[in-house]
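Contents: one structure, followed by commentary.
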Amino acid sequence: MDVTRDNFAHALAEFRQAISACDFAAMDMEMTGLYEDRAHQPSRLDSKNERYTKLLQSVETFGVIQVGICLFSWVESQPDARRDTSTGYYEARPFNFNVFPCTSVGGFPVEAHFACKNTAFEFLARNSFNFNKWVYQGVPYLNAAQADRIRTDRVSLLTKRQPQMEVDEQHKSFVKSLEAALRKFMKSKGEKLLRYETANSYQRKLVYDIVARHNTLGTRSRNGCIEILKGTRKAMAKHVAQKIHALNASVNEARGFCQIIDLLSAARKP
């Protein structure tokens, strides 16, 4: 089964069922490079520690772009009465995962850095590797440590009062206009929603920063503007809880291929 982000949910369900029933698993992968130079290439003369250190450096330096996992299950055939023995065969369940590092979680960018080797890319190109498919359809992945860090940082932004941003001279008039609009919005009795237009990411950060100083105001991101909502403290607490729930769902979705690794690790198959 060739797996991309489009059919990953289906493949995950199949893999979860197959890994529990299989007898052993085999894995292979394509990477953006293998060894940094000859000095880091494993040798038959290496000790176990030396070989592990060299391979660890390769894994930490280069990126994984495709992972093949094949699950093998023994299938018994009809017993042979004449020989008093049973025969059978191994049934293979192959999965080919195209993987690409997660680029965003809940609208916030996530950056990943890895090295690429020209000879590795030439090899992949000569063997008809689809680089567009890798980037645009690759299953995202986010390891547990990254997921916890993103979740902690975003929840902190939602629930804790942050240090006020310094405003440059160019945007002081923008801040004055925003504060005037907020005062008018908070005094009005009929209005529950204010759409405030922003021209760049810095202005958006200013809006988030200033609105966060008010316990009865919340924000919702939209294209070209930020929607500012008004309500009671209880309503705002509910609004924050909904944002945290949406964040957790986004983080779980962004973990992507790492869920396969978690299943493989938990199954403890040879």
Side-chain angles (χ1 to χ4, degrees), residues 1-5 8 11-12 14-16 18-20 22-73 90 92-103 105 110-150 251-252 254-270:
M1 174 187 288
D2 190 57
V3 184
T4 64
R5 65 177 62 199
F8 176 69
L12 178 63
E14 282 202 16
F15 189 89
R16 180 179 285 109
I19 188 65
S20 61
C22 79
D23 293 297
F24 66 92
M27 177 187 291
D28 189 19
M29 63 182 66
E30 297 291 348
M31 300 178 66
T32 59
L34 291 178
Y35 314 112
E36 190 172 346
D37 49 44
R38 287 186 176 274
H40 294 91
Q41 187 170 346
S43 165
R44 293 181 179 180
L45 300 178
D46 289 341
S47 66
K48 291 181 180 179
N49 287 339
E50 287 172 336
R51 182 177 179 83
Y52 175 81
T53 300
K54 288 179 178 180
L55 293 175
L56 177 64
Q57 185 176 34
S58 292
V59 171
E60 292 178 339
T61 301
F62 299 104
V64 178
I65 61 180
Q66 200 173 64
V67 181
I69 303 176
C70 195
L71 308 178
F72 294 87
S73 302
Y90 278 107
R93 295 282 302 275
F95 296 83
N96 181 50
F97 296 94
N98 301 274
V99 298
F100 189 77
C102 173
T103 56
V105 176
V110 178
E111 294 184 343
H113 304 272
F114 52 83
C116 301
K117 210 167 185 181
N118 59 340
T119 52
F121 270 38
E122 181 187 41
F123 169 81
L124 292 168
R126 283 184 175 179
N127 287 275
S128 303
F129 182 79
N130 191 332
F131 288 93
N132 283 331
K133 183 178 181 180
W134 168 48
V135 174
Y136 295 116
Q137 298 181 42
V139 179
Y141 60 89
L142 197 69
N143 64 39
Q146 291 173 313
D148 288 342
R149 184 171 64 252
I150 290 171
V251 170
N252 291 335
R255 292 213 64 225
F257 179 71
C258 283
Q259 297 176 76
I260 296 292
I261 299 300
D262 291 344
L263 290 172
L264 196 60
S265 177
R268 303 185 67 84
K269 301 290 182 175

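- In this structure the side chain of Ile150 reaches within 4.5 angstrom of the side chain of Leu142, judged on heavy atoms.
- Minimum interatomic distance between Ala92 and Cys70 (heavy atoms only, all atoms of both residues): CB-SG, 3.7 Å.
- The backbone N or O of Phe100 sits nowhere less than 3.5 Å from a side-chain atom of Trp134 that would complete a donor-acceptor pair.
- Taking NZ of Lys133 as the start and CD1 of Ile65 as the end, the distance is 12.0 Å to the nearest 0.5 Å.
- Side chain of Asp46 to main chain of Pro42: no donor-acceptor pair is present (N/O by atom type, distance under 3.5 Å, no hydrogens or angles).
- Rounding to the nearest 0.5 Å places CD of Glu111 at 11.5 Å from SG of Cys102.
- Annotation: side chain of Glu30 is in contact with side chain of Phe123 (closest heavy-atom distance under 4.5 Å).
- Between Phe95 and Leu71, some side-chain heavy-atom pair lies under the 4.5 Å cut-off.
- Between Phe257 and Asn143 the shortest side-chain heavy-atom distance does not fall below 4.5 Å.
- Atom CG of Asn130 sits about 7.5 Å away from atom CD of Gln137, to the nearest 0.5 Å.
- No donor-acceptor distance shorter than 3.5 angstrom exists from the side chain of Glu60 to the backbone of Gln57, with no hydrogens or angles considered.
- Rounded to the nearest 0.5 Å, atoms CD1 (Ile69) and CE (Met29) are 8.0 Å apart.
- Between Arg126 and Glu122 there is a salt bridge, since at least one side-chain N of the basic residue sits less than 4.0 Å from a carboxylate O of the acidic one.
- With respect to Lys269 and Asp23, no salt bridge is recorded, no charged nitrogen being found less than 4.0 Å from a carboxylate O.
- A distance below 6.0 Å separates the ring centres of Phe72 and Phe24.
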Would Gln259 and Phe15 satisfy side-chain contact (heavy atoms from CB on, under 4.5 Å), going step by step from the backbone distance to the final call?
CA-CA 10 Å; Gln259 297 176 76; Phe15 189 89; over 6 Å; no
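- The line from SG of Cys116 to CE of Met31 is 10.5 Å long, rounded to the nearest 0.5 Å.
- Phe131 has its ring centre less than 6.0 Å from the ring centre of Phe121.
- Residues passing the salt bridge (Lys or Arg N to Asp or Glu O under 4.0 Å) test with Arg255 are Asp262, sequence neighbours excluded.
- A distance-only check finds a donor-acceptor pair linking the side chain of Thr32 to the backbone of Ala115 [under 3.5 Å].
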Going through the checks in order, is the side-chain contact (heavy atoms from CB on, under 4.5 Å) test met by Leu12 and Leu263?
CA-CA 9 Å; Leu12 178 63; Leu263 290 172; 3.8 Å; yes
Please test Val64 against Phe114 for side-chain contact (heavy atoms from CB on, under 4.5 Å), starting from the C-alpha separation and ending with a verdict.
CA-CA 9 Å; Val64 178; Phe114 52 83; over 6 Å; no
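- Residues Met27 and Val67 are in side-chain contact: their nearest non-hydrogen atoms beyond the backbone lie under 4.5 Å apart.
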Please walk me through it: do Lys117 and Leu34 pass side-chain contact (heavy atoms from CB on, under 4.5 Å)?
CA-CA 8 Å; Lys117 210 167 185 181; Leu34 291 178; over 6 Å; no
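- For the pair Asn98 and Asp2, the minimum side-chain heavy-atom distance is below 4.5 Å.
- Considering every non-hydrogen atom in both Ser58 and Tyr35, the closest pair reads OG-CD2, 3.6 Å.
- Considering CG of Leu56 and NE2 of His40, their distance stands at 11.0 Å, rounded to 0.5 Å.
- Annotation: side chain of Val251 is in contact with side chain of Val105 (closest heavy-atom distance under 4.5 Å).
- Contact check on Arg93 versus Glu14 returns a salt bridge, with a Lys/Arg side-chain nitrogen under 4.0 Å from an Asp/Glu carboxylate oxygen.
- Nearest heavy-atom pair across Phe8 and Gly256 is CZ-O, 3.2 Å.
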